[in-house]
Number of protein chains: 2
Amino acid sequence: MPGRIAAVSIVEAIAADLRSRVFSGELGSGEALTETDVASTYEVARPTAKASIEKLVAEGLLDRGTHKTARVVDLGPESVRDIYLARAYLESEVLRRLASGRTVPAGAVQANKDIAAVKSGAPLDVVEPDMRFHTSLIDAVGNTRISKMYRSLVGEVRLCMSRVQSLHLLDTALIQAEHQRLLELIEEGRGDEAAGLLDVHLGRARERLVAAMGGEAGPEAQLPSDLVAE
Amino acid sequence: MPGRIAAVSIVEAIAADLRSRVFSGELGSGEALTETDVASTYEVARPTAKASIEKLVAEGLLDRGTHKTARVVDLGPESVRDIYLARAYLESEVLRRLASGRTVPAGAVQANKDIAAVKSGAPLDVVEPDMRFHTSLIDAVGNTRISKMYRSLVGEVRLCMSRVQSLHLLDTALIQAEHQRLLELIEEGRGDEAAGLLDVHLGRARERLVAAMGGEAGPEAQLPSDLVAE
DNA sequence: CGCCCTTCGATTGTCTAACAAGTACACATG
DNA sequence: CATGTGTACTTGTTAGACAATCGAAGGGCG
């Protein structure tokens, strides 16, 4: 069933485009987005632009107070830690549940294959399948509210991932290998170990990103010892 | 610092009023809310009413598809289970963390006192402090994203609580006693037992509500044996 | 007599134009 | 230098309008 035609509303279309521009870095941190600007660049009425902006604000990609211009969020080290810890919070429990039922989500398997297929020259292309790997795990528990909660985090998570990739903070092969190991641990029913590996996986990305932003990196930033040894 | 003055926008004010009308049951399940209706009852322009409605849709209190009138959500048994399981998912892990640090949130203690102070004749008054008890626990972990995720669930949770209370499915004293026990278990550092009690606490409410809605109640609906014995 | 199709009313999506209200920054004043 | 004022920009809200769409009611046809 290849993507049935979708007649999305104008505000949704604009929101989607703005979103991708934020992810691609075309709209950098702190950049202002006035309603009039958006309205004129997309040639729509201001209320329509307003609605799009408010959508992105709700997603956490834009910041704005009453009567103030919306700006692209500026994630500080504390926010990054907050985001990654919230992720770990949800995802580690998910891994335990999946492992107890030994259910390996097909979507996650496919996503990890897609990561492997990405040429090393285009680091930003890893973001989409990486994100998909993790959302597939969440969705596999079959609870629509949990999925929705995770969705409310996805915007910011993806922003972090984009930063990690464009700064070359992680090797694609390592990401892919750890994902693979996670899937194996699920299949073997070893939930606690899967959760532990996830903590390593996320902790490293987190602390490296924090360090790259000028924060004080924690010890999680280093590579696993067996790989360092080579 | 008693509630600093807040100049809320009109759409926010209308959203708040609609919300309370949904919680109070004045707007029953499936009731239609057209933009024009809302606009005329509050004497505002239609776009303003539209924005308010969309806010409630985002909160999960209203349902609506493109070009269709917004309606108050009609929670079926599956949705109720989904909601309560998502709650348990987040809250049980929170209890473990709080117990490991033996941090008893002051807000939760106060909220439970407020529950005790409610006269038995007004069951709906229990909802607010009950909700506050649980949000206090979540907020106590100090992760703003986790709090935000829980917020995205709160609307529906509160709707369920209102149903439970107006149908007299649970005794106030029992709720209050179990909350008290949860706090004690946290203080004693017994995280697993706290999580277990929470499962009982939520499971009973969940299955009784499901049963009251015509679904097949699970075994969790029964009272704890020590209380049944009297 | 029942079913399909058309038509119509109601409702939402979007637009234009406009005014009110608030913020931020430069400027003038003490 | 601190303070107040003012002005430009931006957002909040309104009014009215038109197109697109959905749901139901009614008429035609088998």
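To find a chain, count down the sequence lines: A is the first, B the second, and so on, and within it residues start at 1.
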Atom-pair distance (CD1 on I14(A); C1' on dT14(C)), nearest Å: 11 Å
Without hydrogens or angle criteria, can the side chains of Y42(B) and D17(B) be said to hold a donor-acceptor pair below 3.5 Å? yes
Given 3.5 Å as the limit, does a donor-acceptor pair link the side chain of E31(B) with the main chain of G28(B), or not? yes
Name the orientation class of the two ring planes belonging to H179(A) and H134(A) (parallel below 30°, tilted from 30 to 60°, perpendicular beyond 60°). perpendicular
Report each atom pair, protein N/O against N/O of nucleotides 15-17 of chain D, whose distance is under 3.5 angstrom.
unit_1  : atom_1 : unit_2 : atom_2 : d
dA17(D) : N6     : R46(B) : NH2    : 3.2

Ranking dT10(D), dT13(D), dG12(D) by distance to the side chain of T69(A), first place goes to dT10(D)
Separation of atom CG in D37(B) from atom P in dT12(C), rounded to whole Å: 8 Å
Between S29(A) and R163(A): side-chain donor-acceptor atoms closer than 3.5 Å: yes
side-chain hydrogen bond (donor to acceptor under 3.5 Å, both in side chains) between Y150(A) and E91(A): does it pass, once the steps are laid out? CA-CA 9 Å; Y150(A) 194 75; E91(A) 295 189 40; 2.6 Å; yes
Is a donor on one side and an acceptor on the other found under 3.5 Å between the side chain of R71(A) and the backbone of D63(A)? no
Provide, to the nearest angstrom, the distance between the CD atom belonging to E54(B) and the P atom belonging to dT12(C). 11 Å
Please give, in whole Å, the distance from dT11(C) P to L33(B) CG? 12 Å
Taking CZ from R64(B) and P from dT21(D), how many angstroms apart are they, rounded to a whole number? 16 Å
Should E207(A) and R81(A) count as an ion pair when the cut-off is N to O under 4.0 Å? yes
Atom CD of E35(B) and atom P of dA20(D): how far apart are they, to the nearest Å? 18 Å
Could you encode protein contacts along nucleotides 20-26 of chain C as a string, one character per nucleotide from 5' to 3', using B for base contact, S for sugar-phosphate-only contact and - for no contact, with a heavy-atom cut-off of under 4.0 Å? --SSS--
How many Å lie between CG on D63(A) and P on dT10(D), as a whole number? 19 Å
May I have the distance from I10(A) (atom CD1) to dT12(C) (atom P), rounded to whole angstrom? 18 Å
Polar side-chain atom of N143(B) near backbone of D82(A) as donor-acceptor pair, under 3.5 Å: yes
Is R145(B) reaching over with its side chain to a backbone N or O of I83(A), donor-acceptor style, under 3.5 angstrom? no
